[in-house]
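One structure is given here, and the rest of the page talks about it.
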Protein chains: 2
Amino acid sequence: MKKVLIVEDERDLAELLAYNLEKEGYQALVTGTGLEGLETARRELPDLILLDLMLPGMMGTEVCSSLRHSDKTRGIPVLMLTARGDEIDRVVGFEMGADDYIVKPFSMRELMLRIRAILRRSGQEPLNSERQITMGTIVIDCGSHRVTVAGVEIELTSTEYKLLLYLAEHNGRVMKRELLLQDVWGYNFVGDTRTVDTHVTRLRNKLGDAGDMIKTVRGFGYKLEE
Amino acid sequence: MKKVLIVEDERDLAELLAYNLEKEGYQALVTGTGLEGLETARRELPDLILLDLMLPGMMGTEVCSSLRHSDKTRGIPVLMLTARGDEIDRVVGFEMGADDYIVKPFSMRELMLRIRAILRRSGQEPLNSERQITMGTIVIDCGSHRVTVAGVEIELTSTEYKLLLYLAEHNGRVMKRELLLQDVWGYNFVGDTRTVDTHVTRLRNKLGDAGDMIKTVRGFGYKLEE
DNA sequence: CACTGGTGTAACAAGTCTGTAACCTTGCTC
DNA sequence: GAGCAAGGTTACAGACTTGTTACACCAGTG
């Protein structure tokens, strides 16, 4: 049975998470502070850690980087829970090495799906944070959040990066605007689907010649293809 | 057509919801109590349930957990309507297995978007994404929306693509024009059946040699056959 | 407090699709 | 073969989609 460690100071939420994880067949361990979380992680070596970004005493980011400093815990995937979407940009800037994040309030079903996805992935493939995706001349380095086109680094905003990564992860598949809004912008984002168009334009511009790789599929959405 | 069950005791709100849902093209069923809601859910097996947390007689949470106890209704997504944004409500709702929640008063637009989001996720997405259909020299790749004839890619408009896909999915069976209009064009489309003819012509042209594979069955409709 | 970079929305311009109607062709019945 | 009905084809105006630009707003920063 897979072990999942929860590091979350809101007791209600922590218990709710534990309840749902156990219902899904995982073993749940709960801790309320960053220090406890670290100790438990070292002792129990869980398969996944759910880590609140805002913790009393020690920030989730610190916990995360401490985990990354020890060989024993380095490989454990971390899923960050954050209160607001903007916080995550800072985290991303810190190049912390969380494998995924989810913004509160989130749907329990979505969280469970992501957990399942991460655990499935951690079995076989190298971790998300160390992955590198290549599509034609575009290279996305997931660890450093760096994107190069034909060897030249380009600057992307966080939304642009997420959009590109999402399209690249779904290599060649057509993604509907609604789906992009849901998965790139977030589950609870309410907005115009034209927002996607605007960002695609911006992304294409920044990608230069490689911008052509983002294809419009009229009536359906967009895809990234070589 | 997707069915949405509303369980809400405030008649005005229930009717407002029903009205808006129908405007969006869903079929709305309305019940006013938890018990009725449960019965209707079991009988009608809706695609989504909008559930008020505060109901006379039986709380929304009870309804929700009852739904989760039966195999038939377990998979139906539930969207909770709550009067206040208290954490407790959210926790309780999630614990019982609600998929999302929205706090009153909410904007109708946001609700509709969330509903669409939930239905999209639960329904069609995984179905078509990886499939490839081959009919003679025609290959339809559902993921990338790419169609090739004898290895050569051809450009189809969205209606043409949907029409071809539909015929291919009903391999060899004769499809009446009315049925095509309903399933390819959409349930609420009212139009001339000759519209189908026009598109079949266009499709045949684009398919080139393989255009012959779309056979006319005089007096009935069309079929796609090798 | 001004400034800046990032976003989402609105608005407009192209350009593409598409339903309809009109006219032509084919196949069937007698 | 005539007459007729069903299907094929074509042209076109209007509807719809998408690309692009501009702009207002927000948060962070100096």
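The sequence lines fix the lettering, A, B, ..., with proteins before strands; numbering per chain opens at 1. Computed from a predicted structure; not experimentally measured.
The distance from atom CH2 of Trp185(A) to atom C1' of dT7(C) is 10 Å, rounded to the nearest whole Å. Taking atom CG of Leu163(A) as the reference point, atom C1' of dT7(C) lies 13 Å away to the nearest angstrom. Atom CG in Asp197(B) sits roughly 12 Å away from atom P in dA6(D) (whole-Å rounding). The interatomic distance linking His199(B) (NE2) with dG7(D) (P) rounds to 18 Å, in whole Å. Nucleotide dT17(D) holds its C1' atom 16 Å from the NZ atom of Lys176(A), rounded to whole Å. In this structure, CD of Glu178(A) is placed 11 Å from P of dT17(D), rounded to the nearest angstrom. Atom-to-atom, CG of Leu181(A) to P of dT7(C) comes out at 14 Å; the value is rounded to the nearest Å. Atom NZ of Lys223(A) is separated from atom P of dT18(D) by 14 Å (rounded to the nearest Å).
Listed candidates were dT18(C), dT20(D), dT7(C). Nearest to the side chain of Thr201(A) is dT20(D).
At least one donor-acceptor pair closer than 3.5 Å links the side chain of Glu8(B) to the backbone N or O of Glu10(B). Under the 3.5 Å distance criterion, the side-chain polar atoms of His145(B) are left unmatched by any main-chain donor or acceptor of Asp141(B).
Other residues, nucleotides and ligands place no more than 12 heavy atoms under 6.0 Å from the CG atom of Asp209(B).
Side-chain N/O atoms of Arg177(B) include one lying less than 4.0 angstrom from OP1 or OP2 on dG7(D). Note on Thr159(B): every side-chain N or O is 4.0 Å or more away from OP1 and OP2 of dC17(C). At the phosphate of dG19(D), OP1 or OP2 sits under 4.0 Å from a side-chain N or O atom of Tyr222(A). Put simply, Thr157(B) has a side-chain N or O that comes within less than 4.0 Å of OP1 or OP2 on dT18(C).
Looking at which nucleotide of DNA chain D each of Gly221(B) and Asn205(B) is closest to, the 5′-most match is held by Gly221(B). Taking the nucleotide of DNA chain D with the nearest heavy atom to each of Arg204(A) and Gly219(B), the more 5' of the two is matched to Gly219(B).
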| note | With sugar-phosphate taken as primed atoms, P, OP1 and OP2 and all else as base, the protein-contact string of nucleotides 20-30 of chain C at under 4.0 Å (heavy atoms; B, S, -) is BB-----B---

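Under the side chain to side chain donor-acceptor pair (under 3.5 Å) test applied with Arg177(A), the options Asp197(A), Thr195(A), Thr193(A) reduce to a single match, Asp197(A).
A salt bridge links Glu153(B) with Arg146(B): the distance from a Lys NZ or Arg NE/NH1/NH2 to an Asp or Glu carboxylate oxygen falls below 4.0 Å. No salt bridge links Lys206(B) with Glu155(B); every basic N to acidic carboxylate O contact stays at or beyond 4.0 Å.
Note that NE2 of His199(B) and CG of Leu181(B) are 10.5 Å apart. Values are rounded to the nearest 0.5 Å.
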